[in-house]
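Whatever order the structure lists them in is the order used to number ligands and atoms, beginning at 1. Along the sequence shown, residues carry numbers from 1.
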Amino acid sequence: MAEKPVYLDHNATTPVDPRVLEFMLPYFTEHFGNASSRSHPYGLEAAHAVEFAREQIASLIGAEAKEIIFTSGATESVNLAMKGVFETYASKGNHIILLETEHKAVMDTASTLEKKGAAVTILKPESNGMIQPDLLEAAIRPDTILIAAMYANNETGVIQPVQAISAIARKNGVLFFTDATQAVGKIPVQVEQDGIDLMAFSAHKMYGPKGVGALYVRRKQPRVKLTAQLDGGGHERGLRSGTLNVPGIVGFGKAAEICKQEMAADTKRLAKLRDKLEHAFLQMEEVQVNGDTNHRLPHVTNITFRYIEGDGLMLGFNQKVAVSSGSACSSALTEPSHVLIAMGLTADQAKSTLRFSLGRYTKEQEIDFAIKAISDTVMKLREISPLWEMYKEGMDLDQFNWPG
Ligand SMILES: *Cc1c(COP(=O)(O)O)cnc(C)c1O
């Protein structure tokens, strides 16, 4: 088989850290007990391992172990948080506020709740991807029960002003939920300082295994109540029934511990490589970085290469570099990213955009290789692009759309 492309798509998923895998392995075979079967050593051993992981994860985010609820991933955590609050706080109100740049998990959960009677306000970000706190404050009504604002965006890496958002939520007695799937383990997320009431995150975005995630649920000031979304044995304080994924949880815990220890060093190294990549692309004409570069994850950059046809861009180098594009394939259609559209990009600009997300094992040679492969593709595509020719002739192309 040919050599695999350089992987610069860590916001989609990360490889499991070998130290994490090693830590997990005995829990598939030797220590296979059910963490709820506490009447014998098999179960007790599993239960202790789960509680140890809960401590490791709580320690990463400055929470108490009891405030961590294990789930199957961030998507489930988002569903539990939003649906759980909607059902529990129905007597207080039905109004939910969210950002237009939220992940699909949040957007789609909100539309399901809308069908069940929720009133939903979607806030537009500034062109840099950040929400204006004043706009949020103005949107709050007496019946507002929840603000959902992601910590860091999966496409642009833009970090929201979380402390300003939580201060507004607190002041108005509204719960604050954040999808922090891209932030936890990468930057110092602290539930107390950040004023977070509910927080979703996932192991496979931080060098842990797929299929395991967590929901942080604040226990005091205020004590957040939720309605369970799964009925069954009453695991996880009754909030999430089902036999616990012990190996996954153990791996999640180890991944959290490693992130805590190595976050500062990883950040420094990856920001340098990311900046190298970004600076190289910015040497070309008509290239722009999307999102606020001062409030951004260290390993992410989102770049538009204007005046080329987007579909060609990916095809040009996809055997060499694995990245995500500014469009999402929903069924057969290619839709421009709703995040980039919310930031004011045109559909064509969004489609000629690439997201680069570096990771723990990204090497400098790989960055050099990616710079060359992508720059070559961009230059080649521009040579054959009628838009590029028109741009070079000085035409105003902002109104132009690719046919089809
Ligand atoms: C990946 C991701 C999710 C979904 O996480 P899963 O664990 O795969 O369900 C949700 N939100 C954001 C911001 C993500 O990046």
Taking only Lys NZ, Arg NE, NH1 and NH2, and the carboxylate oxygens of Asp or Glu, determine whether Arg170 and Asp197 approach each other closer than 4.0 Å.
yes
Verify whether one side chain among Thr71 and Ser77 offers a donor that lies under 3.5 Å from an acceptor in the other.
yes
Backbone, side chain, both or neither: what part of [X] comes under 4.0 angstrom of ligand 1, heavy atoms only?
{"X": "Lys205", "answer": "side chain"}
{"X": "Asp179", "answer": "side chain"}
{"X": "Glu76", "answer": "neither"}

Test: Arg360 cationic atom under 6.0 Å from Tyr207 six-membered ring centre, within 45° of axis
yes
Find all atoms of ligand 1 within a distance of less than 4.0 Å from any non-hydrogen atom belonging to [X], and give their numbers and elements.
{"X": "Ser202", "result": "6 (P), 7 (O)"}
{"X": "His204", "result": "6 (P), 7 (O), 8 (O)"}
{"X": "Gly73", "result": "7 (O)"}

N or O contact, [X] vs ligand 1, cut-off under 3.5 Å:
{"X": "Gln182", "result": "yes"}
{"X": "Asn11", "result": "no"}
{"X": "Asn154", "result": "no"}

Where do His338 and Glu102 come nearest, in terms of heavy atoms and distance?
NE2-O, 2.8 Å
Please name the pair of heavy atoms, one in Asp194 and one in Phe176, separated by the smallest distance, quoted to 0.1 Å.
O-CE2, 4.3 Å
When the ring centroid of Phe281 is compared with that of Phe305, is the distance short of 6.0 Å?
yes
